[in-house]
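For reference, the structure discussed in these notes is given below.
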There are 2 protein chains.
Amino acid sequence: MSAGSSDDKPNLRSIASLAGVSHMTVSRVLNDHPNIRPETREKVLRVVEELNYQRNSAARALATRKSRRIGVIVDRPVEIGPDSTLRAVEHAAREAGYSVSSVAASPDDDGVQPREAVAYLTAHGIDALCVIAPRASSVDVLRAITDGIPTLIVKADDDPNFLTASVDQRLGATLAVQHLIDLGHREIVHVAGPLDWLDARARERGWHAHLKKAGLHIPPAFVGDWSADSGYEFAVAFDELPPFTAIFAANDQMALGILHGFRDRGIRVPEDVSVVGFDDLPVSRHFLPTLTTVRQDFHALGTLAVEILVAVLEGDDPGKRSRIAPELIVRESTARPRSM
Amino acid sequence: MSAGSSDDKPNLRSIASLAGVSHMTVSRVLNDHPNIRPETREKVLRVVEELNYQRNSAARALATRKSRRIGVIVDRPVEIGPDSTLRAVEHAAREAGYSVSSVAASPDDDGVQPREAVAYLTAHGIDALCVIAPRASSVDVLRAITDGIPTLIVKADDDPNFLTASVDQRLGATLAVQHLIDLGHREIVHVAGPLDWLDARARERGWHAHLKKAGLHIPPAFVGDWSADSGYEFAVAFDELPPFTAIFAANDQMALGILHGFRDRGIRVPEDVSVVGFDDLPVSRHFLPTLTTVRQDFHALGTLAVEILVAVLEGDDPGKRSRIAPELIVRESTARPRSM
DNA sequence: CGCCGCGACGTTACCGGGAACATAGGCTCC
DNA sequence: GGAGCCTATGTTCCCGGTAACGTCGCGGCG
């Protein structure tokens with residue numbers, strides 16, 4: 001009931017009057033301005049502590065015209081890679097004092113979806129935009145509508161219009177293919193993701209380029225849709241396919257579907273065919289057979305993305321970082337071909 | 001260069017002057033107030049359209065003292081269940097005109113983490129809080145610190161302090177156990193999740209209660225950590241375990257680890273032992289053998305959660321909804337026991 | 001015929017911060 | 001010893017909305 005304690009949420013002015021200073025002094029203390037006497041700072045901080053004061057982020061955003069918020073568009077939700085990256089972005093953003101608002105674009109729609117996602121995010125006020133796992137078509141749409149705010153796309157190729165960060169997809173594909181070549185495989189097919197996806201295309205290119213470099217035959221790539229189901233379909237059609245002894249699948253889900261399809265067809269992995277995946281899902285080490293795959297460090301990726309964006313937002317130089325290198329994890333699903 | 005067009009972002013006042021009305025009229029039009037002449041409305045909307053005006057959400061939040069934002073805490077990130085639920089919450093929130101800010105609590109820390117998560121979210125301004133896949137300890141912490149804002153916890157039991165929404169975990173466990181009983185199994189063990197997790201406990205209770213009801217022997221539950229690794233560890237210790245013919249695993253990951261461990265021990269599934277999982281991951285239908293499991297409708301769950309929260313925020317009655325019913329999906333990993 | 005009520009707006013005062021500028025002491029330096 | 005400057009702080013206004021209240025014209029009604 002005392003006059004000093006109000007039931008309302010404390011604000012700069014109430015802190016100020018309790019500390020016997022002006023609200024600007026409180027503001028300066030909270031923003032670490034120089035030229036504040038230590039005693040004054042202490043006095044203010046004590047009151048802040050006591051009232052458990054929290055800055056009103058809306059007022060702050062209004063006054064500074066900055067929301068300290070990063071919008072994220074996730075193109076392929078509920079899959080480990082993108083989700084892990086998102087989690088890492090959220091974490092890194094929080095560390096940097098930013099918050100994150102994310103929108104999952106559903107995989108069905110094409111083209112129109114990213115536009116809505118951007119509209120939604122900008123309507124809620126964001127300082128920067130981060131796009132995870134995009135399709136080429138999404139990038140085109142973004143090009144047209146993200147004028148003004150810094151935009152980073154998680155994709156392998158540099159882009160004059162956007163900031164980029166990525167795991168080196170082509171290197172990952174190279175590692176996978178080289179591993180198979182080292183084992184003695186000569187006919188190595190690729191089960192790709194939808195080639196509109198930039199990552200899918202980069203992996204396909206890496207596979208293609210490395211086969212070419214090794215002077216091996218380059219069969220046409222089979223295009224799946226990332227799902228285990230599409231891998232299964234590929235595998236059960238084995239009899240109708242040209243011969244091969246090894247498969248590089250563009251992700252672990254499709255690799256799993258392939259394992260399943262081969263079992264249903266009586267084809268043994270790795271005795272008859274070797275299989276390599278991509279991503280290293282936490283469960284991939286328990287597939288039967290356990291899956292040889294390419295591991296991506298999603299955490300490092302998300303962190304890198306935020307570092308770059310924050311650097312731009314704060315006016316620093318984002319610098320030239322190298323892409324993040326993936327790593328080959330060898331397990332049971334690959335072996336020397338029988339014919340050797 | 002005409003005076004009418006400014007480079008700055010349009011605001012209520014600039015719209016107003018172009019439309020020849022006061023800024024309050026524009027505000028009223030945008031907020032669908034009654035008592036606006038149709039012509040006036042049209043006139044305003046035309047200008048709004050033309051300038052592609054977007055409301056400043058920070059100013060709005062400041063004036064109304066409402067952010068139209070829901071904070072979400074995800075306790076177990078990068079696992080399909082929680083992530084799917086999060087996606088569904090984001091989607092439903094967007095439909096309802098709310099935005100979402102989420103924080104992933106890392107699984108290592110205990111207790112202190114939820115506190116930080118709440119602090120972070122409230123600092124950025126949220127109207128409501130939604131907690132996904134929590135541990136009992138998290139709930140205790142929340143009880144102490146979420147005074148004021150409506151909080152919904154995705155958990156099975158009603159709670160006097162919080163709103164709740166959930167898939168009926170005990171029913172799911174019952175379905176799994178009954179399926180095994182129907183096949184003729186009499187010794188059914190449970191590989192549980194960490195019992196501090198409410199969902200883990202609910203599944204364990206469901207298993208326990210249904211065995212009791214059926215008059216079957218109730219062996220001690222083995223407690224894993226949700227990971228496939230822990231399922232593997234359980235399975236390879238088979239020889240040291242009391243005999244059983246069926247396993248109900250608390251999630252699909254652990255079930256997968258069990259399949260892997262049994263293969264390494266030469267135990268066949270389902271010939272020697274039947275295995276049931278929980279969640280129905282998209283990949284579970286491709287495990288070898290394909291996994292019998294309990295499917296949860298995460299999308300419905302997330303939608304329900306947001307419906308309840310929004311109802312409370314808008315002053316409506318959230319009503320009494322039933323829990324969402326899970327569904328048993330029968331695949332290859334379960335069969336009649338050999339001894340029958 | 002004058003008063004009332006109401007529809008359709010306009011005016012003003014906030015919301016809670018921060019930028020820009022003002023001010024008041026203390027110190028240096030010639 | 002006063003001009004000039006730096007330090008520490010206060011004043012004022014503004015960000016872009018919304019709430020609350022004021023105003024004005026018009027129709028109904030006693």
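Chain letters run A, B, ... following the sequence lines, proteins first, then strands; residues in each count from 1.
At distances below 3.5 Å, at least one donor-acceptor pair connects side-chain atoms of A/Trp197 with backbone N or O atoms of A/Ala133.
Shown for residues 31-44 of chain A: residues whose heavy atoms fall under 4.0 angstrom of DNA chain D, namely A/Asn35, A/Ile36, A/Arg37, A/Thr40.
Residues A/Ser101 and A/Arg69 bring a donor and an acceptor atom of their side chains to less than 3.5 Å of each other.
Of the inter-residue distances, the one linking B/Asp127 atom CG with B/Tyr98 atom OH reads 6.0 Å to the nearest 0.5 angstrom. Note that CD of B/Gln54 and NZ of B/Lys9 are 8.5 Å apart. Values are rounded to the nearest 0.5 Å. Remark: B/Asn31 CG to B/Arg28 CZ distance equals 10.0 Å, nearest 0.5 Å.
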Evaluate side-chain contact (heavy atoms from CB on, under 4.5 Å) for B/Phe162 paired with B/Leu142, printing each intermediate quantity in order. CA-CA 10 Å; B/Phe162 301 110; B/Leu142 290 174; 4.0 Å; yes
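Screening A/Arg41, A/Arg37, A/Lys43 for a salt bridge (charged side-chain N to carboxylate O under 4.0 Å, His left out) with A/Glu39, the sole residue that qualifies is A/Arg37.
Applying the side-chain hydrogen bond (donor to acceptor under 3.5 Å, both in side chains) criterion to A/Thr85, with sequence neighbours excluded, gives no partner residue.
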Given protein heavy atoms under 4.0 Å, the one-letter contact record of nucleotides 11-16 of chain D, with B base, S sugar-phosphate only and - none, is simply BBB-BB
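The phosphate of D/dG10 (OP1 or OP2) has a side-chain N or O of A/Thr25 nearer than 4.0 angstrom.
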